Participant: 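I am attaching a structure below and will ask some questions about it afterwards.
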Amino acid sequence: MSSAPPVFISAADVERLLPRASLLLPGLEAALSNFSAGPAGGVEQPLRAVLRVRPYRGFLGVMPAYSAADDALSTKLVTFYEPRGDSAAPSHQATVLLFDPRCGALRAVLDGAVITAKRTAAVSAIATKLLMPRPAAVLCILGAGVQARSHYEAFTELFDFTEVRLWNRTEQRALQLASSVGGAVRVCGTVRDAVCGADVIVTVTMATAPILFGEWVKPGAHINGKLLTETAPGLLMENMRPLVAGDAVQSVGASRPDWRELDDALMKSSVLVVDSREAALAESGDVILSGAEIFAELGELLKGTKPAQPEKTTVFKSLGMAVEDTVAAKFVYDAWSAGN
Ligand SMILES: NC(=O)C1=CN([C@@H]2O[C@H](COP(=O)(O)OP(=O)(O)OC[C@H]3O[C@@H](n4cnc5c(N)ncnc54)[C@H](O)[C@@H]3O)[C@@H](O)[C@H]2O)C=CC1
Ligand SMILES: O=C([O-])C1=[NH+]CCC1
């Protein structure tokens, strides 16, 4: 085995070698299925360790994983800090260390920010493909940061939405994102306006209290998107509320046990799918504090051991898994090694 020093792959090189999140779809689908297969799937992934940097309202997460199918071993180090007006630093910063699993030698140090942005959007797209109503016309993104952009890019590449709506706590940031993406985006002044009649809602904020409420979902909530998009608000029957949230909610933020993006009503009235049961029950305020029952892991839907139920209102609670970084880092390193 060679003892060559590790290579460093910068953010610009990761972006060049991994230009689209969709390139990760096959590898991520396999890894999510393998993860949910238990020991037979060959994914080793402990619950991540998250250390609190209390004086600065920050966190350092350590995320190791080994995937036998990919024969890849990595750990990501990710810091995330609650918004502070005086800081110009990105809220999330990350580095991925990729090892040779045969001998433990460090092969590469990769910028982890682009990897995190793209693999997270790719996983949300995998969930959306399974859970969204058919047809799905209106995409709504709540949040206007790094993940909002990567989700916009992946979702507009992979799906045929006819309308994209964007809301952010500070409207100026939403306007900036909307004007920079190159496609038509409607910036909405309130979450209610943004989600009314949407088919797919992506929540990608640093919120610590709910921003999306179940009262905006029609009672019963087992609604399909076709009905919602074809029914003008004024024509809704009297026993229905005039505001309706989309059927497939991708909740990407609120990754602390006391943080929320979704309220209890929405959590409890939806079919709840998570990336990892273990992580959801340890880390997700939306899951823990609502007491909502987890229906399935995304990997179980992919394997077909649990049905996806796109006709129902669904919430995919994404916390982010280390094996997703392993797959993405190996993809980038292989492309780099091939001289691309
Ligand atoms: N599930 C996963 O795999 C991953 C999840 N995340 C999570 O996704 C979320 C977004 O991450 P980034 O886009 O990188 O962050 P960012 O800092 O780039 O963007 C955060 C957005 O949230 C908004 N925001 C801040 N505080 C808010 C509040 N109290 N209420 C509503 N909006 C608020 C900001 O205006 C901004 O638009 C975070 O919660 C992050 O922890 C990030 C990486 C991976
Ligand atoms: O998976 C990930 O990298 C993260 N999830 C929440 C914060 C960072």
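As a basis for the values below, the full set of heavy atoms in this structure was taken, side chains included, without hydrogen atoms, waters or symmetry mates. All values derive from a computational prediction rather than experimental measurement. Indexing begins at 1, ligand by ligand and atom by atom, following the structure's order.
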Participant: As an exercise, identify every atom of ligand 2 less than 4.0 angstrom from a heavy atom of Thr116.
Facilitator: 3 (O)

Participant: If you measure from each non-hydrogen atom of Arg256 to ligand 2, which part falls under 4.0 Å: side chain, backbone, both or neither?
Facilitator: neither

Participant: Below the 3.5 angstrom mark, is there an N/O of Met206, backbone or side chain, next to an N/O of ligand 1?
Facilitator: yes

Participant: Are any of the N/O atoms on Ser91, whether in the backbone or the side chain, positioned under 3.5 angstrom from an N/O atom of ligand 1?
Facilitator: yes

Participant: Would Ser255 count as being in polar contact with ligand 2, using the rule that some N or O on each side must be under 3.5 angstrom apart?
Facilitator: no

Participant: Closest by any non-hydrogen atom to atom 8 (C) of ligand 2: pick that one out of Met321, Met63, Lys76, His92.
Facilitator: His92

Participant: Just jot down the ligand 1 atoms closer than 4.0 angstrom to any heavy atom of Gly253, in number order.
Facilitator: 7 (C), 8 (O), 9 (C), 39 (O)

Participant: Return yes or no for this condition: an N or O of Ser318 is under 3.5 Å from an N or O of ligand 1.
Facilitator: yes

Participant: Inspect the contact between Asp286 and Lys317 and indicate whether a charged nitrogen and a carboxylate oxygen are less than 4.0 angstrom apart.
Facilitator: yes

Participant: Can you confirm, on distance only, whether ligand 1 has an N/O atom lying under 3.5 Å from any N/O atom belonging to Ile211?
Facilitator: no

Participant: Do you reckon Val96 sits in the same ILVMFWY cluster as Phe59, going by side-chain contacts under 4.5 Å, direct or chained?
Facilitator: no

Participant: Just let me know how Leu319 lines up against ligand 2, side chain, backbone, both or neither, with a heavy-atom cut-off below 4.0 Å.
Facilitator: backbone

Participant: How does Arg169 reach ligand 1, by side chain, by backbone, by both or by neither, if only non-hydrogen atoms under 4.0 Å count?
Facilitator: side chain

Participant: Does the distance from a Lys or Arg side-chain N to an Asp or Glu carboxylate O, for Glu82 and Arg256, drop under 4.0 Å?
Facilitator: no

Participant: Just by distance, do the side chain of Asn168 and the backbone of Arg173 share a donor-acceptor pair under 3.5 Å?
Facilitator: no

Participant: Quick test of your reading of the model: are Glu153 and Arg20 salt-bridged, counting only N-O distances below 4.0 Å?
Facilitator: no

Participant: Which option wins on minimum heavy-atom distance to atom 36 (C) of ligand 1: His92, Gln176, Arg173?
Facilitator: Arg173

Participant: Counting only heavy atoms, which portion of Gln147 has something under 4.0 Å from ligand 2: side chain, backbone, both, or neither?
Facilitator: neither

Participant: If we only consider heavy atoms of Ala117, is any one of them less than 4.0 Å away from an atom in ligand 1?
Facilitator: no

Participant: When you compare ligand 1 with Phe80, is there at least one nitrogen or oxygen pair between them that comes in under 3.5 angstrom?
Facilitator: no

Participant: Output the list of atoms in ligand 1 that are nearer than 4.0 Å to some heavy atom of Ala254, sorted by atom number.
Facilitator: 39 (O)

Participant: From atom 3 (O) of ligand 1, work out which of Arg119, Glu261, Met321, Gln250 has a heavy atom at the shortest distance.
Facilitator: Arg119

Participant: When hydrophobic residues are tied together by side-chain contacts of less than 4.5 Å, even through go-betweens, does Leu97 share a cluster with Val14?
Facilitator: no

Participant: Does ligand 1 have any atom that is closer than 4.0 Å to a heavy atom of Glu324?
Facilitator: no

Participant: Applying side chain to side chain donor-acceptor pair (under 3.5 Å) to His151 and Ser124, what does each step give before you reach the verdict?
Facilitator: CA-CA 8 Å; His151 280 71; Ser124 296; 2.8 Å; yes

Participant: Side chain, backbone, both or neither: which applies to Pro83 and ligand 1 if a contact is any heavy-atom pair less than 4.0 Å apart?
Facilitator: side chain

Participant: Taking Lys306 for the side chain and Phe295 for the main chain, is one N or O donor matched with an acceptor at less than 3.5 Å?
Facilitator: yes

Participant: Under a 4.0 Å heavy-atom limit, does Thr205 contact ligand 1 with its side chain, its backbone, both, or neither?
Facilitator: both

Participant: Nearest heavy atom to atom 35 (O) of ligand 1: which of Asn168, Leu319, Thr116, Val123 does it belong to?
Facilitator: Asn168

Participant: Report yes or no: does Asp13 contribute a side-chain atom to a donor-acceptor pair with the main-chain N or O of Ile9 at less than 3.5 Å?
Facilitator: no

Participant: Using only atom types and a distance under 3.5 Å, with no angle test, would you say the side chain of Arg165 pairs donor to acceptor with the backbone of Cys196?
Facilitator: yes

